[in-house]
Amino acid sequence: MTDLLSKFDPLIAQREALLSTGMTDPFNLVMERVESPTVAICNGQRTILLGTYNYMGMTFDPDVIAAGKQALDDYGSGTTGSRVLNGTYAGHKACEEALKTFYAMDHAMVFATGYQANLGIISTLAGKDDYIILDIDSHASIYDGCALGNANIVPFRHNDVDALEKRLKRVPEGAGKLVVLEGVYSMLGDVAPLKEMVDVAKAAGAMVLVDEAHSMGFIGENGRGVAEAQGVIDDVDFIIGTFSKSVGTVGGFCVSNHPKFEILRLVCRPYVFTASLPPSVVATAATSITKLMHGADKRAHLWENSRKLHAGLKALGFQLGTETPQSAIIAVIMPNLEQGAAMWEALLHEGLYVNLARPPATPANMTLLRCSLCAEHSAEQVDQILGMFEAAGRATGCIG
Ligand SMILES: Cc1ncc(COP(=O)(O)O)c(C=O)c1O
């Protein structure tokens with residue numbers, strides 16, 4: 001018998017070597033109790049959360065929680081069915097209505113996760129004779145959507161408008177073209193030059209899909225994302241998003257003004273062949289989305305947090321993923337996995353949780369400590385966070 005798991009031996013060895021030093025497993029941490037969007041108990045210690053995607057802090061919003069409890073009472077714990085069979089409840093329709101209102105768009109389709117939204121929409125739009133031109137640093141769910149549809153993949157250099165234009169010119173005449181972009185790239189927290197990219201894509205006759213997973217709720221005047229902030233939302237054919245970040249629950253979606261959009265409900269396999277979200281989840285999502293429409297103050301405070309943390313970390317001597325704060329994600333670049341893991345653990349001992357990110361999830365083989373801010377982090381918490389980075393950085397030799 002060939003052991004099909006043998007291909008993972010190098011990874012197993014690397015992981016065992018790291019854990020044999022006695023360090024806490026960075027990929028297996030348990031949140032023993034969660035007190036608020038910004039504080040949890042980990043290893044018995046009160047810990048500030050700086051690695052969640054809870055950008056707008058909606059997970060403990062009283063209205064959101066009440067809506068979930070009510071739906072649980074009224075509709076039960078699950079639908080036990082696909083959206084196209086018995087799994088469409090009033091709550092799923094209400095959630096799609098909330099999305100249509102939030103984005104001011106004609107159509108909205110809710111999926112079980114953002115991963116499935118990308119998988120489903122991309123694979124259904126672009127098939128074997130079509131071309132998907134995508135940023136090389138695209139999220140795994142985008143690549144998996146391309147693979148599921150069996151489309152021809154044409155990657156271009158990260159955030160490089162000229163490279164996108166050149167790749168588009170090489171696509172055979174008359175072929176179907178879908179340009180796939182993200183608003184905010186989650187590893188470095190950098191924003192795409194969507195305005196230029198959408199212009200180039202449209203000039204080449206391509207359709208455009210933008211994944212706004214890390215910008216929804218926060219970026220843009222109404223929190224619709226980078227496409228809104230850069231004034232090109234009307235030229236984007238499909239926006240993908242998730243409920244697992246600013247919305248504060250779980251689920252995914254696609255919104256669009258395309259007149260034929262509704263047919264996707266019958267032909268999109270990751271929508272049809274899976275159970276729909278539980279009523280409590282769509283109720284929390286709909287309530288949260290509606291509240292995010294009025295989240296201007298929270299958005300302003302989150303920007304303050306982002307600017308303060310970015311400036312503070314830079315002043316301490318850390319190397320950051322972006323020159324200026326561009327989103328709620330601030331990535332601290334570590335020299336290697338060993339030092340990154342040591343710094344991650346030192347921060348945890350200080351009482352701070354951040355995300356340790358490593359290849360293949362990261363670009364250019366980087367090891368990153370990814371900090372993601374929340375609108376519920378107070379200015380005092382950001383000061384505390386900077387103090388913790390200073391102490392951990394000096395203890396591990398990451399800063400002088
Ligand atoms: C850019 C991007 N798209 C999609 C997803 C998937 O979202 P979900 O957690 O809802 O599956 C993520 C998740 O991290 C993401 O970063």
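Just so you know, ligand 1 is whichever comes first in the structure, and atom 1 is the first atom listed for that ligand.
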Could you list the atoms of ligand 1 found under 4.0 angstrom from a heavy atom of [X]?
X	answer
N118	3 (N), 4 (C)
S141	3 (N), 4 (C)
E182	1 (C)
T242	7 (O), 8 (P), 10 (O)
G251	10 (O)
S244	8 (P), 9 (O), 10 (O)

Taking D162 first and then R157, would you say they form a salt bridge - that is, a charged N and a carboxylate O separated by under 4.0 Å?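 Result for this pair is no, no salt bridge flagged.
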Between G114 and ligand 1, does any nitrogen or oxygen pair lie at a separation below 3.5 Å?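 Between G114 and ligand 1 (N or O atoms, distance only) the closest approach is under 3.5 Å.
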What do we get for K245 next to ligand 1 when only non-hydrogen atoms under 4.0 Å count, side chain, backbone, both or neither?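 Side chain only.
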Please work out, at 4.0 Å between heavy atoms, whether the side chain, the backbone, both, or neither of T113 comes within that distance of ligand 1.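 Contact part for T113 vs ligand 1: both backbone and side chain.
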Parallel, tilted or perpendicular for H92 and Y89, by the 30°/60° rule?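 Ring orientation, 0 to 90° scale: perpendicular.
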Given D237, which partner from the list K260, K202, K177 fulfils the salt bridge (charged side-chain N to carboxylate O under 4.0 Å, His left out) test?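 Passing option: K202.
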Would a distance-only check, ignoring hydrogens and angles, find a side-chain to backbone donor-acceptor pair under 3.5 Å from K128 to N152?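 Not confirmed, K128 side chain does not pair with N152 backbone.
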